There are 2 protein chains.
Amino acid sequence: MSNAKVLPLLETANGQAVVPCCPPLTERPMTAEEAETAARMFKALGDPVRLRLFSAVASHEGGEACVCDISDVGVSQPTVSHHLKKLKEAGLLTSERRGTWVYYRVEPSVLAAMGKLLATTATAV
Amino acid sequence: MSNAKVLPLLETANGQAVVPCCPPLTERPMTAEEAETAARMFKALGDPVRLRLFSAVASHEGGEACVCDISDVGVSQPTVSHHLKKLKEAGLLTSERRGTWVYYRVEPSVLAAMGKLLATTATAV
DNA sequence: TGTCTATGTTGACGCTCATCAATACAGTCT
DNA sequence: AGACTGTATTGATGAGCGTCAACATAGACA
C-alpha cells in the first residue's frame, strides 16, 4: 500500500512543495486549528518509548530502519508495534514492507517543519 | 518565590551556561534517560490548549504575558490555571507575581534546546 | 476591616493511553 | 503443504489526563 497519506503538519501542495501548517510559536498566538494540528505531533513525541523509537529510526543510516533493529526499548513486541503505528498516524513515520521485514523511515519535511515551529526568531541565549 | 528551579531539558551549569540535555534526534538513538527528559517537554506541548497558551506567552511582547491576556482559549479559568502549571512543571514557563497579576514568561534557552533536538543535520527539504 | 478582582487548588468524572498476553497475519524456507 | 520468523491486531486492565464547579488565597482599594 502507498503510505503517502496524511501529513498533519504539512500539506503537500502539488506533490513537491510543502507548506508548514503553523507559524513559529513565538511569532503570534496559534489559532485553535493550528494548535490542534501541531499538538498531535508533539503528543506523538511525548512518550519516552515513542521518542526512543523515533530517534532510533531517525538516526539509523539512510534514515530508515527495520523493526528488528530498533525494538529493544524495554517493552513487549506488541507495544513496540503499537507505538510505531501511533507515530505513523501522526505523520512522523512511514512504513514499507520489504520481504520479511518492515522498514520505517522518517518524514524529513515534518522534522524540518517542527524545527521551524520551535525556531527562536531572535531570542538567542 | 524564585522560579529558577527545574529545567528538565537544560541544566544550569554555574548560573550562566546552559547545556542541552540531549543530542539531536537524528544524531544517535536516545537513551532511556534522555528520552524520559525530552518526552516531558513534548508531552507538555502535546495538548492543544497548552500549545495555544504557550504560543500566546511566547509571542507576547517582551516574551511575557499576564494570565488575563491569554486566558481566552475556550476553557474555564481553573483549566487555564491547571495547564499553566503543567507548562511550568515541564520547565517551559516561569511565573512571577507582580501586584494583582501573575506574569508568565518563556524559558528562551529551553526553546532553543528543543529546536536543536529537532534540527535536521543535513536533511533540508 | 471588608469587598472586589485575579489566580490557584481541590475533588470528582469520563475518557484516553500505555501495556501485555493471546492470537492472527505475512513472508521465507524446506 | 508445513514449520518457522517477523510484525500487526485484539481484548483487557490499570494509570493518567483534561475538564469543570466549588472553594481558597492573594493583592488592591475603600
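Each chain gets a letter, A, B and so on, in the order the sequences are listed, and its residues count up from 1. Atoms considered below: every heavy atom in the structure, side chains included; atoms not considered: hydrogens, waters and symmetry mates. Here the structure is a predicted model, which means the values were calculated and not measured.
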Is A/Glu33 paired with B/Arg52 through a side-chain N to carboxylate O contact shorter than 4.0 Å?
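Looking at A/Glu33 together with B/Arg52, the answer is no, because their closest N to O distance does not fall below 4.0 Å.
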Does B/Lys116 pair with B/Glu27 as a salt bridge, N-O distance under 4.0 Å?
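No, no charged N to carboxylate O under 4.0 Å.
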Return the NZ to NZ distance between B/Lys43 and B/Lys86, rounded to the nearest 0.5 Å.
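One gets 7.0 Å once the value is rounded to the nearest 0.5 Å.
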Within this structure, what is the OG-CE distance for the pair A/Ser109 and A/Met114, rounded to the nearest 0.5 Å?
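These two atoms lie 12.0 Å from each other.
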Atom-to-atom span, [atom1] of [X] to [atom2] of [N] - whole angstrom:
{"X": "B/Trp101", "N": "D/dA26", "atom1": "CH2", "atom2": "P", "answer": "18 Å"}
{"X": "A/Leu51", "N": "C/dC17", "atom1": "CG", "atom2": "P", "answer": "18 Å"}
{"X": "A/Lys88", "N": "D/dT9", "atom1": "NZ", "atom2": "C1'", "answer": "13 Å"}
{"X": "A/Arg40", "N": "C/dC17", "atom1": "CZ", "atom2": "P", "answer": "12 Å"}
{"X": "A/Asp47", "N": "C/dC17", "atom1": "CG", "atom2": "C1'", "answer": "9 Å"}
{"X": "B/Arg98", "N": "C/dT5", "atom1": "CZ", "atom2": "P", "answer": "23 Å"}
{"X": "B/Arg97", "N": "C/dA6", "atom1": "CZ", "atom2": "C1'", "answer": "7 Å"}
{"X": "B/Leu84", "N": "C/dT9", "atom1": "CG", "atom2": "P", "answer": "11 Å"}

Check whether any side-chain N or O of [X] sits under 4.0 Å from OP1 or OP2 of [N], and answer yes or no.
{"X": "B/Thr79", "N": "D/dT19", "value": "no"}
{"X": "B/Lys85", "N": "C/dT7", "value": "no"}
{"X": "A/Lys43", "N": "C/dC17", "value": "yes"}
{"X": "B/Tyr104", "N": "C/dG8", "value": "yes"}
{"X": "A/Thr100", "N": "C/dG27", "value": "no"}
{"X": "B/Arg50", "N": "D/dC17", "value": "no"}

Under 4.0 Å, heavy atoms only, any strand: does A/His83 hit a base, just the sugar-phosphate, or nothing?
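Here A/His83 touches the backbone only, sparing every base.
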Nearest to side-chain heavy atoms of [X], which nucleotide of [options]:
{"X": "B/Val67", "options": "C/dT19, C/dA22, C/dT7", "answer": "C/dT7"}
{"X": "A/Pro78", "options": "D/dG18, D/dT9, C/dT7", "answer": "D/dT9"}
{"X": "A/Ser76", "options": "D/dG18, D/dT7, C/dC20", "answer": "C/dC20"}

Tell me which of A/Lys86 and B/Val80 sits closer to the 5' end of DNA chain C, going by the nucleotide each one is nearest to.
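This one resolves to B/Val80.
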Evaluate the side-chain hydrogen bond (donor to acceptor under 3.5 Å, both in side chains) criterion for residues A/Thr94 and A/Lys88: first the C-alpha distance (whole Å), next the side-chain angles of each, then the deciding distance (0.1 Å), finally the verdict.
CA-CA 6 Å; A/Thr94 58; A/Lys88 225 169 98 175; over 6 Å; no
If you go through the side-chain atoms of A/Gln77, does one of them form a donor-acceptor pair with the base of D/dA8 closer than 3.5 Å?
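Such a pair exists between side chain and base.
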